[in-house]
Structure formats: C-alpha cells, structure tokens
Amino acid sequence: MATNSWANGLVKTLKDPTTHIISSNLAAVIQDKYAKAKHHYLVLPFEDIPSIFNLTSQHISLLQEMHLLALNVIEVKGQTQDNFLIGFHNQPSMQRLHLHVISKDFVSDCLKTKKHWNSFNTALFLNYDDLIVQLNENNKVKRLDSVTIKELSNEDLKCNQCTYVAKNMPSLKQHLLEHYEKKKKKTINRE
DNA sequence: GTTCTAGAAC
DNA sequence: GTTCTAGAAC
C-alpha cells in the first residue's frame, strides 16, 4: 500500500454501509471513531477526493450537498445548528475529504492534546463557509505554511465559551465539563 | 489519526 | 513522586 494503513481508516469505514448514519447518492455521514465532543460526525463523498487541497470551484455543488447532510444529521440527532462547528481541518491527516460536524461542548475522553483542541478552535479549523469563499475567489484552498501550523498548534488553551485560558489540558477539560453541566441544568429548568 | 513512554514540569 | 506533554512509530 502506498499510504500508511491508518490513514485509510475513513475510506474503509465508508465502504461499509452499516456505518452510514444518513447518506445520499454522493456522500455519507459517519460517526467519528474518536469523537472529540458529545456529537462528532464526518461527512465523506464517495468520490475519491483525497483532501481539501484537491478541490476547485467545480466541486461546490458536491460540497453544498455535503453541507446539507451535515445539517440533516444535526436535525436527526435532535440538535440545533448553532451548537455545532461545521468545517475542515486545514492540515488533514486522514485520506479522503471529510467535513467535521462537531458540537461545541468538546466534552469527550478522546480530547487529549493541545493539538486536538487547537485543530478545532483556531485558524487550523476552516469553516465550511470560508472554504466556499476561497474556492469562489481563488478556485483552490490555500495551504498554511508549516511555521503558521506550528504556531496555531501551540496557541494557548482558550475556552470557546468564555475568556478563560487553561494552564493545561486537564484544567481545560474540567472547565469545559463545568460549562456543559451548567447548560444541562439550564435546559432542565426551562422544561 | 492513535499509542506509547521518556523526560519535562510541577 | 506524580502529572503532563510531545515526539517516534521501519
């Protein structure tokens, strides 16, 4: 095999239709194997597009369909769009283009490293809308240079819900859990 | 992408 | 002494 076997994990999963939460003729939604939040899904096209760096404006209709599937899975799971991030990693490591659909709580045992956090909560995360803008303006997605990637990966651990900056990952995780528990209580009180 | 673990940080 | 991070993985 040309590429590392671990990098083909998503393609293997996609080939098994029983893993598809929902799907269309062109794409399917699966659960992220190592979900970094309470909800974390991936939308993958059946077409063999390796990554965002193989996209041109010709792919926009496919991307729009992938985005619709993203909105659909949020609805299927009884969630609301405003509690989700929808976008791509600017430095993907897995084979096959995949759109992340992840809830903003980030409460998960699989969230372990600073790089995990910063890959969703800095410019390392490319929002769907921003990707479409790039394709319309430049007909391609701009690669970040390695220095920028390194800097963004090492950014301070800033909470995505308040001004708190965590000293390390365990304190960030504890803090995120507190946000999550507070929200849960509020929801219960509304009922 | 994750696992493992040496050595830094506390 | 324990917790935590960061780099190798053939």
Side-chain angles (χ1 to χ4, degrees), chain A residues 1-21 23 27-55 63 66 69-70 73 84-128 130-131 141-160 164-180:
Chain A
M1 220 185 294
T3 36
N4 296 326
S5 61
W6 60 259
N8 288 310
L10 295 180
V11 176
K12 279 183 194 164
T13 303
L14 190 64
K15 281 180 181 164
D16 175 5
T18 66
T19 66
H20 301 173
I21 300 169
S23 62
V29 183
I30 63 170
Q31 166 99 38
D32 191 294
K33 192 178 175 185
Y34 298 90
K36 303 295 187 297
K38 290 292 180 183
H39 294 270
H40 189 181
Y41 312 104
L42 303 174
V43 188
L44 298 101
F46 295 121
E47 187 184 340
D48 187 14
I49 302 169
S51 80
I52 52 172
F53 304 115
N54 302 93
L55 294 172
L63 290 161
M66 288 170 65
L69 282 166
V73 75
F84 278 77
L85 294 181
I86 301 175
F88 300 86
H89 278 147
N90 240 318
Q91 191 204 26
S93 29
M94 300 293 279
Q95 195 69 18
R96 184 59 57 89
L97 179 72
H98 53 283
L99 178 63
H100 286 272
V101 184
I102 185 165
S103 56
K104 294 177 183 174
D105 53 86
F106 289 96
V107 172
S108 165
D109 289 342
C110 293
L111 183 80
K112 291 175 178 171
T113 68
K114 194 173 212 178
K115 188 155 191 189
H116 286 156
W117 178 252
N118 284 334
S119 75
F120 288 103
N121 294 287
T122 67
L124 289 173
F125 193 77
L126 179 59
N127 283 309
Y128 170 81
D130 296 337
L131 175 124
V141 176
K142 194 184 177 189
R143 268 182 198 277
L144 297 180
D145 62 88
S146 60
V147 174
T148 305
I149 288 173
K150 206 174 180 182
E151 282 172 359
L152 290 170
S153 303
N154 284 312
E155 287 239 322
D156 289 342
L157 298 169
K158 289 174 281 214
C159 176
N160 62 338
Y164 177 73
V165 181
K167 293 255 188 302
N168 55 34
M169 281 305 290
S171 52
L172 176 65
K173 287 169 67 68
Q174 175 60 35
H175 178 81
L176 291 168
L177 184 62
E178 284 164 16
H179 274 301
Y180 180 72

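Here is how names work: the chains are called A, B, and so on, in the same order as the sequence lines, proteins then strands, and each is numbered from 1. Worth knowing before you read on, the calculation uses all heavy atoms, side chains too, and leaves out hydrogens, waters and symmetry mates. This structure is a prediction, so every number in the text was calculated from the model and none was measured.
- When heavy atoms are screened at a 4.0 angstrom cut-off, A/Pro92 is found touching no nucleic acid atom at all.
- A search for ring pair (Phe, Tyr, Trp, His ring centres under 6.0 Å) contacts involving A/Tyr34 returns nothing, not counting sequence neighbours.
- Residues that satisfy the side-chain hydrogen bond (donor to acceptor under 3.5 Å, both in side chains) test with A/Asp16, not counting sequence neighbours, are A/Thr18.
- Ring-plane geometry between A/Tyr41 and A/His39 is classed as tilted, the angle between the planes lying from 30 to 60 degrees on a 0 to 90 degree scale.
- When heavy atoms are screened at a 4.0 angstrom cut-off, A/Lys167 is found touching no nucleic acid atom at all.
- For the salt bridge (charged side-chain N to carboxylate O under 4.0 Å, His left out) test, residues two or more places apart in sequence or in another chain that qualify with A/Glu155 are A/Lys158.
- Here A/Phe125 pairs with A/Phe120 under the ring pair (Phe, Tyr, Trp, His ring centres under 6.0 Å) rule; sequence neighbours left out.
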Dot-bracket notation for DNA chain C is requested: 5' to 3', Watson-Crick or G-U wobble pairs only, both distances under 3.5 Å, with ( ), [ ], | and . as defined. |||||||||.
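- Not a single salt bridge (charged side-chain N to carboxylate O under 4.0 Å, His left out) links A/Asp145 to another residue, sequence neighbours left out.
- A/Lys112 comes within 4.0 angstrom of the backbone, heavy atoms only, and of no base.
- The stretch residues 167-176 of chain A participates, sequence neighbours left out, in no salt bridge (Lys or Arg N to Asp or Glu O under 4.0 Å) pair at all.
- In this view, A/Phe88 satisfies the ring pair (Phe, Tyr, Trp, His ring centres under 6.0 Å) rule with no residue, not counting sequence neighbours.
- Contacts of A/His98 with the nucleic acid, taken as non-hydrogen atoms under 4.0 Å apart, are absent.
- For A/Glu178, the side-chain hydrogen bond (donor to acceptor under 3.5 Å, both in side chains) criterion is met by A/Gln174, not counting sequence neighbours.
- Once you apply a 4.0 Å limit to the heavy atoms of chain A, the touched nucleotides of DNA chain B run 5' to 3' over B/dG1 to B/dT3.
- Within residues 148-156 of chain A, no residue has a heavy atom under 4.0 Å from DNA chain C.
- Sequence neighbours left out, the pairs with a member in residues 96-115 of chain A that pass salt bridge (Lys or Arg N to Asp or Glu O under 4.0 Å) are A/Asp48-A/Arg96.
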